[in-house]
Novice: 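Attaching a single structure in structure tokens format; questions to follow.
For ligands, and for the atoms within them, numbers begin at 1 and follow the listed sequence. Quantities reported herein were computed from a predicted structural model and do not represent experimental measurements.
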Amino acid sequence: MIEAQPTPDEVDRLAALDRYHILDTEAEKDYDDLAQLASYICGTPIALISLVDEHRQWFKAKVGLIAQETSRDIAFCAHALHEEEVMIVPDALEDPRFETNPLVLGDPKIRFYAGAPLRTPDGYTLGTVCAIDRQPRSLSSDQKRALRILARQAVSLMELRIQVAERRRAEEALRAKANDLERTVAELNRSNRDLDEFAYIASHDLREPLRGINNYARFLEEDYKDILDVDGRDKLATLRNLTARMEGLISSLLFYSRAGRADMAMDETDLNLVLDTALDTLRITLEERGVKVIRHGPLPTLVCDPARIGEIFTNLIRNGIKYNRAETPTLEIGVVEGSRPACFFVKDNGIGIRERHHESIFGVFKRLHGRKKYGGGSGIGLAICRKLVERHHGKIWVDSQPGAGTTFYFTLEEAIADD
Ligand code: ADP
């Protein structure tokens with residue numbers, strides 16, 4: 001008997017075999033069917049799909065044989081690995097490689113062997129589809145061709161296995177990423193709620209001592225005005241101004257935290273009416289500044305919190321008038337045609353905003369101008385707008401150039417009405 005040598009690319013070949021993760025897996029009908037076909041086509045009682053591992057050959061499918069594997073040193077298939085074409089052994093007893101092989105002399109008493117190589121797309125031979133008989137014989141060229149086709153089919157099945165495994169891995173990775181994202185969003189929501197809670201408590205509790213300071217400053221002003229010199233009186237006035245400003249900031253913070261905390265009152269809402277109310281609230285300012293308001297198309301009816309959406313419109317309209325030096329401030333308000341989810345806009349012909357501020361203006365207390373310029377403000381309005389829009393699962397953003405006016409856009413996701 002002559003033992004087969006390892007293939008010249010043995011290390012890489014074994015690595016290739018490993019990639020299929022097929023050794024020692026359960027029997028599968030698709031492979032069993034191929035072995036059965038090999039047996040029918042070649043007319044042999046035994047047919048196998050054999051994979052040659054480092055020290056053994058292992059059968060993914062078998063017909064007419066009980067053993068699940070045999071040692072590599074006696075495997076016919078180990079020889080077939082070296083062949084380009086179907087390896088045929090017409091009579092093992094006549095072949096010096098196999099004449100004393102225990103599989104020939106003992107069970108299963110092999111006399112005839114035909115093995116078509118299982119060649120991977122990257123050129124490694126992993127084993128064979130083989131047909132075995134207990135008597136000497138030969139194969140017709142059609143039978144050989146059929147055996148080669150079966151071998152190609154077996155490799156296709158194995159390739160499919162890799163693709164399925166890869167897809168499963170990709171799906172799992174995607175699922176893991178989605179879970180991560182969900183967790184991050186949940187954490188973010190929690191920390192936002194914590195922040196709102198903190199802002200609420202802090203601003204609520206700070207108000208009291210601040211009022212005390214303000215009162216005491218006033219008492220000092222009133223009771224000691226004859227004793228204090230001008231400098232002393234000025235300092236007290238500054239103290240009162242500072243406390244008033246702080247009071248303003250704290251109120252804004254309180255307002256902001258409420259936007260995140262208070263329950264939403266979702267209802268089916270005609271947004272035209274919401275806009276009417278917002279414009280009504282600002283009527284005096286609009287008239288004083290001679291603002292021209294152009295409304296585009298009817299607004300939709302959506303399930304949302306009307307008071308909150310009213311606040312958003314009011315804030316955006318007020319800003320469109322405030323940050324505007326045009327002779328006739330003009331506001332265009334409407335919904336982007338065909339947008340889904342509905343995308344609303346408030347466009348002005350005001351001073352505009354540099355691109356680098358387009359994101360930061362939505363931050364708490366963020367103002368781009370001096371405290372008293374453009375009628376002042378606390379810089380909380382857009383932060384509140386963003387919070388309210390986000391509570392409607394929408395987005396808010398700005399499109400603007402200095403000197404070319406500003407358009408604020410916001411979307412609202414269709415919600416389900418409260419009962
Ligand atoms: P506030 O108006 O109280 O300062 P906002 O949060 O409403 O606070 O706005 C933040 C900043 O964004 C404003 O200070 C202003 O600089 C800029 N801004 C907002 N709206 C407009 C607008 N329509 N045109 C130009 N600048 C704007």
Novice: Which of the numbered atoms in ligand 1 are below 4.0 angstrom from a heavy atom of Ile380?
Specialist: 6 (O), 8 (O)
Novice: Is it true that Asp73 and Ser71 share a donor-acceptor pair across their side chains at a distance under 3.5 Å?
Specialist: yes
Novice: Consider ligand 1: state whether an atom of it lies below 4.0 angstrom from any non-hydrogen atom of Arg318.
Specialist: no
Novice: Consider ligand 1: state whether an atom of it lies below 4.0 angstrom from any non-hydrogen atom of Asn315.
Specialist: no
Novice: Quick one, Cys385 and Leu316 - any side-chain contact, counting heavy atoms below 4.5 Å?
Specialist: yes
Novice: Can you confirm, on distance only, whether ligand 1 has an N/O atom lying under 3.5 Å from any N/O atom belonging to Lys366?
Specialist: no
Novice: Determine whether Lys60 and Thr25 satisfy the following criterion, side-chain hydrogen bond (donor to acceptor under 3.5 Å, both in side chains), listing intermediate values before the conclusion.
Specialist: CA-CA 8 Å; Lys60 176 61 188 169; Thr25 54; 2.9 Å; yes
Novice: Taking distance alone, with N or O pairs closer than 3.5 Å, would you say Gly381 contacts ligand 1?
Specialist: yes
Novice: Under 4.0 Å from a heavy atom of Ile353: which atoms of ligand 1 are those, numbered in the order shown and with their elements?
Specialist: 18 (N), 21 (C), 25 (C), 26 (N), 27 (C)
Novice: Does any donor atom in the side chain of Asp142 or Ser140 lie under 3.5 Å from an acceptor atom in the other side chain?
Specialist: no
Novice: How far is atom 14 (O) of ligand 1 from its nearest protein heavy atom, and which residue and atom name does that atom have?
Specialist: Tyr323 OH, 3.1 Å
Novice: Between ligand 1 and Tyr374, can you find any atom pair, the residue atom being a heavy atom, that is separated by under 4.0 Å?
Specialist: no
Novice: Give me the residue, atom name and distance of the protein heavy atom closest to atom 12 (O) of ligand 1.
Specialist: Ile361 CG2, 3.3 Å
Novice: What pair of heavy atoms forms the shortest contact from Cys130 to Gly115, and how long is it?
Specialist: CB-CA, 3.8 Å
Novice: Leu382 to ligand 1: N or O pair under 3.5 Å?
Specialist: yes
Novice: With a cut-off of 4.0 Å, which atoms of ligand 1 are near a heavy atom of Ser378?
Specialist: 3 (O)
Novice: Looking at non-hydrogen atoms alone, which of Pro402, Ser400, Gly379, Gly352 comes nearest to atom 8 (O) of ligand 1?
Specialist: Gly379
Novice: Given Glu85, which partner from the list Lys144, Arg148, Arg119, Arg145 fulfils the salt bridge (Lys or Arg N to Asp or Glu O under 4.0 Å) test?
Specialist: Arg148
Novice: Can you name the atoms of ligand 1, numbered from 1 with element, that are less than 4.0 Å from a heavy atom of Lys322?
Specialist: 1 (P), 2 (O), 3 (O)
Novice: Among Asp24, Leu17, Asp53, which residue meets the side-chain contact (heavy atoms from CB on, under 4.5 Å) test with Trp58?
Specialist: Asp24
Novice: Look at atom 7 (O) of ligand 1 and say which protein heavy atom is nearest, naming residue and atom and giving the distance to 0.1 Å.
Specialist: Asn319 ND2, 2.8 Å
Novice: Show me which atoms of ligand 1 lie under 4.0 Å from any heavy atom of Leu368.
Specialist: 14 (O), 16 (O)
Novice: Any side-chain donor paired with an acceptor under 3.5 Å for Tyr374 and Arg325?
Specialist: yes
Novice: Nearest protein heavy-atom contact for atom 23 (N) of ligand 1: which residue, which atom, what distance?
Specialist: Asp348 OD2, 2.9 Å
Novice: For Glu332 and His296, test the side chains for any donor-to-acceptor distance below 3.5 angstrom and give the result as yes or no.
Specialist: yes
Novice: For salt bridge (Lys or Arg N to Asp or Glu O under 4.0 Å), just list the numbers for Arg13 and Asp122, CA-CA rounded to whole Å, side-chain angles, deciding distance to a tenth of an Å, and then say yes or no.
Specialist: CA-CA 10 Å; Arg13 195 190 71 78; Asp122 46 358; over 6 Å; no
Novice: Give the atom numbers and elements of ligand 1 that come within less than 4.0 Å of a heavy atom of Gly377.
Specialist: 3 (O)
Novice: Do Glu187 and Thr184 have side-chain N/O donor and acceptor atoms under 3.5 Å apart?
Specialist: no
